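Since we're looking at a predicted model, the values are computed, not measured. Chain identifiers are assigned alphabetically (A, B, ...) following the order of the sequence lines, protein sequences preceding nucleic acid strands; residue numbering begins at 1 within each chain.
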Protein chains: 2
Amino acid sequence: MKLKDLSELLHLSQTTVSRALNGYPEVAEATRRRVLAAAEAHGYRPNMRARSLATGRAMAIGHVIPVTARHEMVNPVFADFVAGAGEVYSRRGYDMLISIVPDEDQEQAYRELRTKGSVDGLIVHAPKLGDPRVHLLSEIGMPFVVHGRASDAALPYSWVDMNNTHAFRRATDLLLDLGHRRIALINGLENMDFAIRRRAGFEEAFSARGLAPDPSLMASEEMTEGFGHDTARALLAGPAPPTAFLVSSIIPAIGVRRAIEELGLRMGRDISVITHDDDLSYLKNRAEVPVFTATRSSVRDAGRRAAEMLLNLVETPGSGPHEELLEAELILGQSTGPLLQSVSR
Amino acid sequence: MKLKDLSELLHLSQTTVSRALNGYPEVAEATRRRVLAAAEAHGYRPNMRARSLATGRAMAIGHVIPVTARHEMVNPVFADFVAGAGEVYSRRGYDMLISIVPDEDQEQAYRELRTKGSVDGLIVHAPKLGDPRVHLLSEIGMPFVVHGRASDAALPYSWVDMNNTHAFRRATDLLLDLGHRRIALINGLENMDFAIRRRAGFEEAFSARGLAPDPSLMASEEMTEGFGHDTARALLAGPAPPTAFLVSSIIPAIGVRRAIEELGLRMGRDISVITHDDDLSYLKNRAEVPVFTATRSSVRDAGRRAAEMLLNLVETPGSGPHEELLEAELILGQSTGPLLQSVSR
DNA sequence: TCGCATATCCAAAGCGCTTTGGGGTGAGTC
DNA sequence: GACTCACCCCAAAGCGCTTTGGATATGCGA
């Protein structure tokens with residue numbers, strides 16, 4: 001059923017039918033009702049490709065996921081973000097287009113999305129230090145919102161981010177207040193903007209007390225369970241083991257917990273752990289007393305907000321760059337406790 | 001830069017330029033090279049919407065994700081599947097369109113995808129018992145591949161699935177061989193096709209020995225860490241606790257492990273655990289001796305295969321339904337051991 | 001020299017929709 | 001009764017591409 005068929009069926013022109021369906025005022029209310037009823041009855045749906053071609057709007061938002069040998073961005077955190085964003089898109093009538101591209105083809109991919117016209121806007125994921133994408137997209141002239149920040153970008157741009165520095169500052173303060181001094185930082189890849197900010201918060205808390213963290217207790221890698229486990233295991237077996245861990249995601253935190261338990265220690269008594277908690281739907285840290293003491297900030301919510309922001313940007317071009325900084329809650333769980341005076345090891 | 005501009009620039013017709021770019025034979029080799037060079041130099045990319053409109057092909061594959069109050073399909077397993085599929089799509093020049101739709105709007109959503117013409121084919125996720133989608137899509141006449149099977153579908157259809165029954169049969173056999181009799185099954189939602197098959201394998205192993213599983217040891221829910229933990233905790237505290245667990249995914253298995261450890265027991269010695277392992281990139285179970293004894297089958301690989309199959313279906317219409325059954329490996333890890341004669345509790 | 005393949009290229013007609021720039025028609029005004 | 005002016009509605013021109021159905025050249029044998 002195409003527009004033409006429908007219009008012939010109704011003995012109306014395509015123009016009138018189109019206007020009736022799209023809510024233009026210059027069509028009599030009675031006619032509109034007649035058109036809407038017929039469209040409904042025959043299950044008419046406008047062909048998006050044709051509509052897009054005519055309007056110049058794709059009614060779709062793109063997420064380009066760079067995949068490198070080292071960094072795999074299709075992770076549970078990304079999944080939750082996308083789930084949040086997707087809700088908003090479908091509510092507002094947009095499609096979500098996900099492009100998995102080898103890192104080296106990335107610039108290419110962005111430019112193509114522009115000229116191919118398959119999306120109206122983009123979400124930029126996992127900004128790195130010196131990330132070229134902000135510059136590139138501004139140049140290309142396509143609306144975009146960054147999930148996170150690209151600290152060193154010269155141009156203004158829109159973003160939704162969590163206050164990483166503050167969250168990690170607070171978490172570190174809590175551990176320091178509990179008496180811990182040898183605190184390990186299990187962080188994400190160190191060229192990631194969020195990882196840099198988290199480390200900054202961590203170091204800030206130390207230096208505010210005239211202390212300094214031990215660099216040998218800081219590790220940065222892709223945030224897998226295995227990374228958390230192996231690092232914790234190695235550090236705990238080392239000559240001067242940490243008494244506490246600050247971890248960048250609940251996934252490596254699960255690995256840290258495993259390492260602690262393998263060594264016959266008890267998390268929260270022998271070793272304290274605070275993790276950042278993205279409040280992932282499948283890995284909830286939400287018991288009456290949560291397992292992990294955590295800085296919690298829902299990444300799904302961040303996805304919703306970023307999508308909302310982007311659609312506004314797309315629909316009101318020129319509306320200046322927007323920024324949204326989300327604060328994490330500090331949740332007290334079972335994984336933290338005061339430094340034991342005599343560590344029984 | 002549009003086709004028209006490029007053709008004027010080259011003093012050629014749009015026809016010739018289009019043909020040169022798309023590899024048609026009726027254009028001189030010299031001309032083709034000239035066209036390609038110019039296209040490259042000016043960064044010409046055909047507008048996909050226009051091309052789609054003209055060819056009738058969308059060059060995109062859709063994944064419709066139903067979201068209900070209870071069931072949240074954007075989970076880590078889905079993420080890995082999509083990552084695999086996405087690789088294939090981009091390699092073969094397709095886009096991936098993800099639609100998050102409330103469950104009740106699902107039929108609507110599928111029909112729309114058809115008439116809106118935004119995709120050439122679909123992947124059907126998480127088939128349930130009595131799933132109407134196979135029938136619906138056949139009727140609509142859009143190519144699709146099911147990830148899993150819809151056991152009770154009357155029509156033939158294409159699918160990629162893991163041999164759930166066999167995998168769980170083998171896992172259960174292993175536990176029975178180790179002497180376990182009180183084995184708990186921590187399964188996915190029971191209306192899911194895969195969950196039914198897994199349960200069948202589980203029961204089959206028992207009945208092959210003239211035994212029967214204890215129904216009070218079987219639980220079915222959304223496969224979260226919390227579900228695994230809470231169920232294991234409750235069962236282990238019950239009057240006749242299990243001595244082993246068979247778990248449907250590594251995420252609840254992590255919860256089971258947590259419950260075991262909270263009770264001061266040791267997994268692999270006091271309590272045995274076998275889990276199905278989708279080989280998720282962020283939750284790898286791949287140490288020298290893996291933590292969990294597991295039936296392993298990469299869901300990312302399944303994504304690749306399903307995508308491959310679907311694109312073939314799309315590109316060679318009428319090529320009959322295809323089927324692919326993947327076998328899981330049985331991996332021996334640290335989480336299983338013989339039944340202790342005197343359970344020290 | 002002519003005729004006829006063969007090799008190259010082109011003009012124009014869509015694909016299904018939106019939107020511009022009018023036209024009728026009837027009610028209201030003087 | 002002539003004239004506005006809303007109010008509804010329409011024909012036709014794109015949007016940028018592919019593809020059909022020729023047109024023009026070129027080369028070759030007869």
Taking atom [atom2] of [N] as reference, at what distance in whole Å does atom [atom1] of [X] sit?
{"X": "R49(B)", "N": "dG14(C)", "atom1": "CZ", "atom2": "P", "value": "23 Å"}
{"X": "H11(B)", "N": "dC10(C)", "atom1": "NE2", "atom2": "C1'", "value": "16 Å"}
{"X": "L10(A)", "N": "dC9(D)", "atom1": "CG", "atom2": "C1'", "value": "13 Å"}
{"X": "Y44(B)", "N": "dC17(D)", "atom1": "OH", "atom2": "C1'", "value": "7 Å"}
{"X": "R57(A)", "N": "dT18(C)", "atom1": "CZ", "atom2": "C1'", "value": "13 Å"}
{"X": "L53(A)", "N": "dT18(D)", "atom1": "CG", "atom2": "P", "value": "12 Å"}
{"X": "M1(A)", "N": "dC17(C)", "atom1": "CE", "atom2": "C1'", "value": "15 Å"}
{"X": "R51(B)", "N": "dT19(D)", "atom1": "CZ", "atom2": "P", "value": "9 Å"}

For this session: Classify the nucleic acid contact of T31(A) as base, sugar-phosphate or nothing, counting any heavy atom under 4.0 Å across all strands shown.
Result: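 T31(A): backbone/sugar contact only, no base atoms under 4.0 Å.
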Counting side-chain heavy atoms from CB outward, which of [options] is closest to [X]?
{"X": "R19(B)", "options": "dT19(D), dC17(D), dC9(D)", "value": "dT19(D)"}
{"X": "E26(B)", "options": "dC10(D), dC17(C), dT8(C)", "value": "dT8(C)"}
{"X": "A54(B)", "options": "dC17(C), dT18(D), dC10(C)", "value": "dT18(D)"}
{"X": "T16(A)", "options": "dC17(C), dC10(C), dC10(D)", "value": "dC10(D)"}

Taking OP1 and OP2 of [N], is either one under 4.0 Å from a side-chain nitrogen or oxygen of [X]?
{"X": "T55(B)", "N": "dC15(C)", "value": "no"}
{"X": "S18(A)", "N": "dT18(C)", "value": "yes"}
{"X": "T15(B)", "N": "dC9(C)", "value": "no"}
{"X": "Y24(B)", "N": "dA7(C)", "value": "no"}
{"X": "N47(A)", "N": "dC15(C)", "value": "no"}
{"X": "K2(A)", "N": "dG16(C)", "value": "yes"}

Problem set entry | Whether D120(B) side chain and M59(B) backbone form a donor-acceptor pair below 3.5 Å |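 Present.
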Exercise. Is R49(B) reaching over with its side chain to a backbone N or O of G117(A), donor-acceptor style, under 3.5 angstrom?
Worked result: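 Such a contact is found between R49(B) side chain and G117(A) backbone.
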Exercise. Just wondering, are more than 12 heavy atoms of other shown residues or ligands nearer than 6.0 Å to CD in E104(A)?
Worked result: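 Check passes, neighbour count above 12.
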Problem set entry | Contact summary for S158(B) and F144(B), nearest pair of heavy atoms |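 So the minimum-distance heavy-atom pair works out to CB-O, 3.8 Å.
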For this session: Compare every heavy atom of R300(B) with every heavy atom of S281(B), then report the nearest pair and how far apart it is.
Result: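 Minimum heavy-atom contact is OG-NH2, 3.6 Å.
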